[in-house]
Amino acid sequence: MAVKDAGQAASSQSRGARGRASRSAAAVADRPPEQAELVQLLTPEGERVKHPDYPLDITAAEVKGLYRDLVIVRRIDFEAIALQRQGELGIWASLLGQEAAQVGSGRALGPRDMAFPTYREHGVAWCRGLDPMKLLELFRGVSHGGWDPTEHNFHLYTIVIGSQTLHATGYAMGIQRDGAVGEDGEAVIVYFGDGATSQGDVNEAFIYASVNNAPVVFFCQNNQWAISEPLERQSRVPLYQRASGFGFPGVRVDGNDVFACLAVTRKAMQAAREGQGPTLIEAYTYRMGAHTTTDDPTRYRLSAELEAWKLKDPIERVKQYLIRTEQVEMSFFDEVDAEAAEVGGQVRAACQTMPDPLPESMFDDVYTSRTAQNAAERAEFDAYLDSFVGEEAAR
Amino acid sequence: MAVKDAGQAASSQSRGARGRASRSAAAVADRPPEQAELVQLLTPEGERVKHPDYPLDITAAEVKGLYRDLVIVRRIDFEAIALQRQGELGIWASLLGQEAAQVGSGRALGPRDMAFPTYREHGVAWCRGLDPMKLLELFRGVSHGGWDPTEHNFHLYTIVIGSQTLHATGYAMGIQRDGAVGEDGEAVIVYFGDGATSQGDVNEAFIYASVNNAPVVFFCQNNQWAISEPLERQSRVPLYQRASGFGFPGVRVDGNDVFACLAVTRKAMQAAREGQGPTLIEAYTYRMGAHTTTDDPTRYRLSAELEAWKLKDPIERVKQYLIRTEQVEMSFFDEVDAEAAEVGGQVRAACQTMPDPLPESMFDDVYTSRTAQNAAERAEFDAYLDSFVGEEAAR
Amino acid sequence: MTTLTLSKALNEGLRKALENDPKVLIMGEDVGKLGGVFRVTDGLQKDFGEARVVDTPLAESGIVGTAIGLALRGYRPICEIQFDGFVFPAFDQIVCQLAKMRYRSLGKLSLPVVIRIPFGGGIGAVEHHSESPEALFAHTPGLRVVSCGDPADAFAMIQQSVNSDDPVIFFEPKRRYWDKAEVDVAEGLAAALPLDRARVLVPGSDVTVLTYGPMVRTCAEAAVAAAQDGRSLEVIDLRSLAPLDTATIVESVRKTGRCVVVHEAVVTGGLGAEIAARITQECFYQLEAPVLRVGAYTTPYPPSRLEEHYLPDLDRVLDAVDRTFGY
Amino acid sequence: MTTLTLSKALNEGLRKALENDPKVLIMGEDVGKLGGVFRVTDGLQKDFGEARVVDTPLAESGIVGTAIGLALRGYRPICEIQFDGFVFPAFDQIVCQLAKMRYRSLGKLSLPVVIRIPFGGGIGAVEHHSESPEALFAHTPGLRVVSCGDPADAFAMIQQSVNSDDPVIFFEPKRRYWDKAEVDVAEGLAAALPLDRARVLVPGSDVTVLTYGPMVRTCAEAAVAAAQDGRSLEVIDLRSLAPLDTATIVESVRKTGRCVVVHEAVVTGGLGAEIAARITQECFYQLEAPVLRVGAYTTPYPPSRLEEHYLPDLDRVLDAVDRTFGY
Ligand SMILES: Cc1ncc(C[n+]2csc(CCOP(=O)(O)OP(=O)(O)O)c2C)c(N)n1
Ligand SMILES: Cc1ncc(C[n+]2csc(CCOP(=O)(O)OP(=O)(O)O)c2C)c(N)n1
Ligand SMILES: [Mg+2]
Ligand SMILES: [Mg+2]
């Protein structure tokens with residue numbers, strides 16, 4: 001069929017050679033080759049490697065702490081998936097595979113820094129000190145979030161893709177106006193996915209951040225997939241390069257390497273705090289699970305890909321490193337597992353006994369104070385509910 | 001006042017050193033220096049210069065043609081401003097200073113190429129063969145455009161900043177599906193301003209164009225101002241560099257040099273037609289007049305800036321080149337002036353006698369066929385109008 | 001006749017549209033291999049190729065904006081917006097460009113673009129996945145806004161929408177995707193009710209109940225329940241929300257003298273307001289009671305554990321019917 | 001008392017807000033040196049600095065999105081959208097984020113953001129510069145939507161909006177920017193009518209005329225004209241479009257028994273629909289005639305040479321008043 005063929009031609013063009021080399025006046029020719037440097041400090045085999053720009057002095061206690069975080073957040077995630085299967089949660093967005101990106105970046109934050117998550121940053125939430133139950137409330141349908149973002153400097157989850165990047169940028173502009181940039185400054189980190197980079201809002205955030213030189217770090221977890229769409233549907237060049245077009249630095253880090261994520265985020269946050277403006281970090285990682293518990297990835301991706309990434313597991317390499325460097329007793333791993341199991345058990349128990357919100361609560365918090373209309377509707381609702389009480393009693 | 005100071009600190013940071021050099025892993029360090037190459041083929045003094053990537057063989061007749069275009073579009077613009085002052089037009093957006101960018105790019109198009117303008121592309125409209133009256137209809141308030149875009153492959157003016165970049169990209173995706181890419185292919189050019197580069201839509205267009213490798217040329221007339229806002233409010237790096245972040249070439253051209261605009265656009269269009277995908281062209285120019293006839297630029301910019309740009313006038317340099325190279329008799333300039341005056345006179349006369357649309361016409365073309373509601377509202381309107389006829393007769 | 005879910009009926013309708021006209025395209029997030037999160041486009045990319053069933057970047061303004069460009073080039077794109085709550089990034093392209101291009105061009109340009117939006121709640125979803133924004137589009141001249149209430153209409157109306165040279169915002173009642181009914185897939189569109197016409201679903205004499213989308217089934221059930229109480233409801237599925245089929249509505253209300261409008265959207269400023277205002281104007285002397293509106297309360301959509309209280313249901317419809325007899 | 005144009009009254013109100021609270025910011029396109037295309041922010045950047053009166057990039061979603069972030073950090077941003085037709089790129093941030101953040105956070109977060117929008121037609125402008133999109137916001141719970149009709153209200157209401165901890169969409173009647181009236185600039189807000197209250201502008205007894213924004217003056221003039229014909233109009237300036245001050249409205253209509261709602265927006269699905277539906281429900285037994293709506297026809301905004309026919313004017317208001325006596 002003619003049109004179909006034309007279409008195929010169109011799509012093969014987009015994969016074919018683009019003849020860029022012959023266009024020397026074009027800016028693109030000056031870009032670095034696409035095999036971009038991936039900052040890595042710990043290999044999948046657990047070997048420590050050095051990087052000139054990211055020296056990382058890390059104590060055994062710190063490494064153990066990171067390992068503990070990684071194991072616990074994976075366990076919480078695991079429990080949540082099980083709870084969803086049992087009908088206790090409406091849905092769950094798993095972080096499986098992204099633990100290092102989240103724990104590494106989350107542990108790079110100071111208490112006064114502010115974090116803006118998407119809907120998948122359970123590991124960051126953990127690092128910030130948020131009670132995991134708050135996350136479960138959301139996925140259970142008991143609240144839309146409802147925690148106090150100022151308590152742990154961890155904003156509410158944002159579901160509309162990309163929106164929070166502008167909120168984070170505005171917040172960072174507020175830090176500037178508060179005079180809180182400079183020595184002992186504050187900064188913001190905002191999380192988003194590879195798919196999110198296509199949204200207008202995210203690109204506008206890059207613009208507002210760069211023209212204002214705002215203290216915000218854009219942390220993109222490139223987990224290779226936006227639901228069923230591979231990265232090629234969003235970009236034909238590595239995502240960290242996007243930043244250069246807006247005039248600020250971009251860096252790609254091994255997102256399964258908790259050391260590298262920690263070091264790269266620390267440096268970018270410190271630069272932001274000191275007034276050096278935004279950085280885009282692309283954490284190159286992989287979504288090991290389904291997009292959410294309602295998704296079926298077997299429809300769109302090959303298991304071979306998954307298998308390849310399993311070899312790069314973010315937790316295993318820290319374990320190997322600890323073993324290799326003899327920084328721990330073997331019992332340490334069992335202790336962490338036991339602790340994780342306990343946290344998991346608490347999560348499970350608390351979720352199963354979580355009460356539903358009161359029906360009338362749906363009328364609360366629409367405005368600062370209750371409006372006449374809101375009060376009238378609520379009264380109408382109460383009366384309506386009451387009308388059943390008699391009926392039920394009569395039965 | 002503390003907050004004010006903090007704010008000032010914030011804004012001075014954005015101008016100060018950003019310590020980029022010390023962040024070597026960052027992509028930005030690999031970018032070319034900011035004194036970007038500006039493609040120029042004709043100096044302000046009218047001297048022809050060569051550029052290795054843009055050889056331009058141009059006959060005397062062609063140069064004369066370009067000169068004629070430049071003078072005539074400036075004259076139409078001049079008439080329109082006068083007509084607005086006389087109350088014949090509601091508003092006018094002047095192209096003064098941008099003639100070369102528009103004529104150079106406009107003359108680079110083939111008849112089958114499609115152009116998507118903003119609201120200021122009167123010079124491109126001229127090159128495409130659109131009757132200037134159509135533009136005046138819009139600015140007079142007689143229509144919202146209303147010409148047939150397929151007649152001259154020149155789309156309607158678009159007023160919402162940036163929207164048309166997506167339309168152009170979609171159109172280019174249609175060209176791909178029609179199999180009209182390749183030898184003897186078609187391509188699209190879309191115009192937008194420096195301010196427009198901040199809109200989400202424009203950045204989304206870059207994404208759609210690049211992942212599809214669509215045959216579209218993004219032609220940004222950087223006239224240094226978005227109404228009262230200088231370029232620094234939109235970007236801290238040259239705009240042509242934006243493209244590299246999306247993985248396609250960007251090039252900066254002297255927007256007051258009609259030869260360079262012609263050559264650079266020709267090459268980009270040809271690349272697009274052949275399947276090499278999008279290019280961003282930044283035509284570096286200057287808005288010599290007010291943003292529109294209702295604007296007062298003395299409120300926000302210094303006349304010195306204007307004076308400096310006057311020396312780079314896009315028409316004068318072609319005239320000097322023609323004189324210098326002795327390609328024309330001096331009478332040629334008088335002939336062109338006379339022709340321009342005649343076109344101007346026609347425009348003036350036609351505008352002054354342009355009838356208002358019929359009141360009932362406002363009900364037309366909402367849907368393909370008239371809906372019952374539309375018919376009812378129209379009938380109601382007719383009856384209402386009729387009710388005055390009696391009254392007026394009675395007076 | 002085949003028994004199809006509403007989702008599958010849409011799928012079959014889309015398949016016909018793709019078969020009938022090579023210019024028809026489907027575009028959206030995850031519409032390809034995945035077949036959309038509700039599987040409405042299941043299998044279509046496999047059969048029609050990646051150039052006709054297009055997984056787009058994650059950017060809704062881009063989806064609609066490029067669809068407009070494709071339409072200008074002669075294509076007939078069908079855009080999928082993944083959930084109701086994610087149409088807003090595309091709002092500007094829809095209301096300023098899609099809706100106005102014909103008018104702007106004095107009729108020289110047509111934009112035969114369909115925007116499919118799964119809408120409404122009741123599926124236990126998280127925030128932004130249960131919205132009912134149809135009134136925002138119905139207030140925008142130049143758009144056709146429709147919603148299907150059952151598989152047969154889903155099958156026919158999606159094809160009619162694709163055939164329309166006007167842009168169509170096509171609202172799909174997501175909680176009814178799994179409802180089944182008989183659909184005549186072989187049948188052409190000749191016998192189908194025109195896209196802009198309401199349908200008297202249940203004839204009746206005491207009260208007119210006007211509804212659309214997910215509430216069609218609810219109201220049909222209400223009619224059955226009311227009949228047991230000896231009350232005869234005339235249930236009308238509006239189908240076209242803009243323009244409204246005022247003739248059918250008015251005819252019914254003139255007959256019954258009572259009217260209840262039911263939708264999931266927030267009552268305040270919802271489509272029910274327009275319908276009530278218009279009916280009151282046209283049937284002032286026939287109305288025995290004011291037109292009552294049943295819909296969501298004037299709050300954001302609550303967490304899903306509360307949605308059964310928030311959304312109208314059979315009881316609230318019957319309650320309103322009762323109240324119309326209180327005047 | 002000083003004689004001020006509505007534009008200058010807003011300017012003075014904004015100045016007070018900036019003076020009273022260092023957290024108040026103004027942000028938008030061209031609000032700095034230029035003072036906005038309508039000069040509403042004239043001189044404010046000069047006096048309060050670039051950190052408090054901010055020329056933003058040309059991106060409305062960015063304006064509102066970063067304003068939300070600034071509000072989360074404790075600031076009180078006032079965003080200017082340059083024209084009504086350019087608010088749509090920010091629509092997503094407004095309806096999904098700004099309107100819902102308090103609800104989402106169970107009251108823990110406030111977003112005291114004001115979005116100023118010059119709206120309406122009648123100034124001979126090109127496309128997208130004469131829109132009346134207020135109904136789209138009034139259908140969105142969580143937003144306050146207000147409009148001022150004269151300089152005194154402009155001065156007070158803009159300050160009240162800045163003081164509100166709820167987000168406020170503030171519609172400014174652009175064709176009345178140059179209307180002059182006495183304003184007491186020295187006076188504080190204590191004596192001002194609360195932001196959510198309607199005002200009986202012209203007391204009367206025969207017909208209630210409800211309106212807001214640019215049509216306030218038109219309706220006041222209609223009252224004068226009607227008085228000459230011996231008809232007494234009660235003109236109410238709604239001021240708050242969401243939530244509506246139903247008490248004031250209902251009290252008036254119960255008294256007059258007749259009502260006309262006037263706005264520039266398209267009648268179909270406009271705010272008048274909600275008002276008419278609600279009045280009919282509350283005043284069913286008192287209404288002598290259906291609530292009539294006067295507004296724009298159901299078409300896109302036409303070229304400006306036609307706008308006098310498209311927009312409601314004094315004659316069309318009087319015509320509707322006449323018609324309410326035809327029942
Ligand atoms: C504006 C918007 N459009 C669509 C969606 C539906 N949606 C939810 S997640 C998702 C994919 C996100 O991909 P990515 O940004 O890579 O993040 P990831 O889920 O992989 O972490 C989509 C399309 C949404 N939430 N918001
Ligand atoms: C979405 C949108 N926002 C705001 C405006 C108002 N506006 C019209 S022109 C303009 C400046 C445009 O600047 P630029 O893109 O540089 O183009 P130029 O006018 O300089 O050619 C603005 C803000 C608009 N038309 N559309
Ligand atoms: Mg992803
Ligand atoms: Mg400009």
Side-chain angles (χ1 to χ4, degrees), chain A residues 114 116 137-138 143-151 155-160 162-180 186 188 190 199-201 203-212 214 216 357 361-362 364-369 371-374 376, chain D residues 22-23 25 27 49 51-52 54-75 77 89-90 92-93 95-113 141-144 164-167 196 240 242-247 278:
Chain A
M114 182 74 196
F116 285 82
E137 279 180 15
L138 189 160
S143 82
H144 288 322
W147 60 85
D148 184 349
T150 63
E151 206 173 315
H155 189 66
L156 298 175
Y157 273 12
T158 298
I159 289 173
V160 181
S163 302
Q164 76 281 4
T165 57
L166 283 168
H167 307 163
T169 303
Y171 192 97
M173 290 162 62
I175 291 179
Q176 293 180 297
R177 280 169 178 71
D178 288 347
E186 298 171 34
V188 179
V190 58
Q199 280 289 358
D201 270 12
N203 293 281
E204 292 189 9
F206 293 161
I207 289 166
Y208 278 76
S210 69
V211 300
N212 290 296
V216 55
S361 71
M362 72 181 164
D364 296 343
D365 301 317
V366 183
Y367 297 98
T368 311
S369 55
T371 64
Q373 180 179 7
N374 184 285
Chain D
K23 294 292 186 185
L25 308 174
M27 47 200 291
R52 295 194 62 201
V54 186
D55 274 331
T56 65
L58 206 176
E60 289 78 8
S61 192
I63 295 173
V64 176
T66 56
I68 290 172
L70 280 155
L72 291 171
R73 178 77 189 184
Y75 287 85
D92 175 55
Q93 285 286 350
V95 307
C96 293
Q97 304 300 329
L98 189 60
K100 291 185 202 278
M101 198 72 84
R102 171 180 298 280
Y103 199 70
R104 187 179 301 151
S105 70
L106 296 174
K108 294 183 186 74
L109 297 176
S110 289
L111 293 180
V113 175
L143 301 177
R144 289 185 182 274
S164 165
D165 279 337
D166 295 318
D196 58 359
S240 177
L244 284 166
D245 179 0
T246 315
R278 203 179 291 190

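Here the structure is a predicted model, which means the values were calculated and not measured. Sequence lines set the chain letters: A, B, ... in the order given, protein chains first and strands last, and positions in each chain run from 1.
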Contact class of Asp92(D) relative to chain A, heavy atoms under 4.5 angstrom: side chain
Any side-chain heavy-atom pair of Leu156(A) and Leu109(D) under 4.5 Å: yes
Region of Val54(D) that comes under 4.5 Å of a non-hydrogen atom in chain A: side chain
Pairs of heavy atoms under 4.5 Å with chain A: top-ranked of Ser105(D), Ser164(D), Gly69(D): Gly69(D)
Spatial distance of atom CG (Asp245(D)) from atom OG1 (Thr371(A)) [nearest 0.5 Å]: 11.5 Å
Arg177(A) side chain to Ala51(D) backbone, donor-acceptor under 3.5 Å: yes
Interface moiety of Thr246(D) toward chain A, non-hydrogen atoms closer than 4.5 Å: neither
Contacting moiety of Gln199(A), where chain D heavy atoms sit under 4.5 Å: neither
Side-chain heavy-atom pair Leu72(D), Pro149(A) within 4.5 angstrom cut-off: no
Within 45° cone and under 6.0 Å: Arg144(D) NZ/CZ vs Tyr367(A) ring: yes
Side-chain touch His155(A)/Met101(D), heavy atoms, less than 4.5 angstrom: yes
Verdict with supporting geometry, Glu204(A) and Glu60(D), side chain to side chain contact (heavy atoms under 4.5 Å, CB included): CA-CA 9 Å; Glu204(A) 292 189 9; Glu60(D) 289 78 8; over 6 Å; no
Max heavy-atom pair count under 4.5 Å with chain D, selected residue of Val188(A), Leu138(A), Val160(A): Val160(A)
Selection from Ala214(A), Gly174(A), Gly200(A) maximising heavy-atom pairs under 4.5 Å formed with chain D: Gly174(A)
Side chain / backbone / both / neither for Asp148(A) at chain D, heavy atoms under 4.5 Å: both
Chain D contact via Phe116(A) - which portion, at a heavy-atom distance below 4.5 Å: side chain
N-O pairing of Lys23(D) and Asp178(A) below 4.0 Å: yes
Where Ser61(D) and Leu166(A) come nearest, the two heavy atoms and their spacing: O-CD1, 3.5 Å
Thr368(A) and Arg102(D) side chains, donor-acceptor separation under 3.5 Å: yes
Heavy-atom pairs under 4.5 Å with chain A, option from Gln97(D), Lys100(D), Arg73(D) with the top count: Arg73(D)
Part of Leu70(D) within contact of chain A (heavy atom distance under 4.5 Å): both
Check: Lys108(D) side chain, Gly146(A) main-chain N or O, donor-acceptor pair, under 3.5 Å: yes
Region of Thr158(A) that comes under 4.5 Å of a non-hydrogen atom in chain D: side chain
Leading residue by heavy atom contact count with chain A [cutoff under 4.5 Å; candidates Ala59(D), Ser110(D), Pro243(D)]: Ala59(D)
Under 4.5 Å from a heavy atom of chain D, the part of Ile175(A) involved: both
Interatomic spacing from CG in Asp196(D) to OG in Ser369(A) - rounded to 0.5 Å: 7.5 Å
Side chain proximity check, Leu244(D) to Gln373(A), heavy atoms < 4.5 angstrom: no
Per-residue contact mode, Met114(A) against chain D (heavy atom under 4.5 angstrom): neither
Separation of Ile207(A) CD1 from Leu58(D) CG (nearest 0.5 Å): 10.0 Å
Pairwise distance CG(Asp201(A)) to OG1(Thr66(D)) - rounded to 0.5 angstrom: 10.5 Å
Tyr208(A) (side chain) donor-acceptor with Ile63(D) (main chain) under 3.5 angstrom: yes
Leading residue by heavy atom contact count with chain A [cutoff under 4.5 Å; candidates Gly142(D), Ala247(D), Ala99(D)]: Gly142(D)
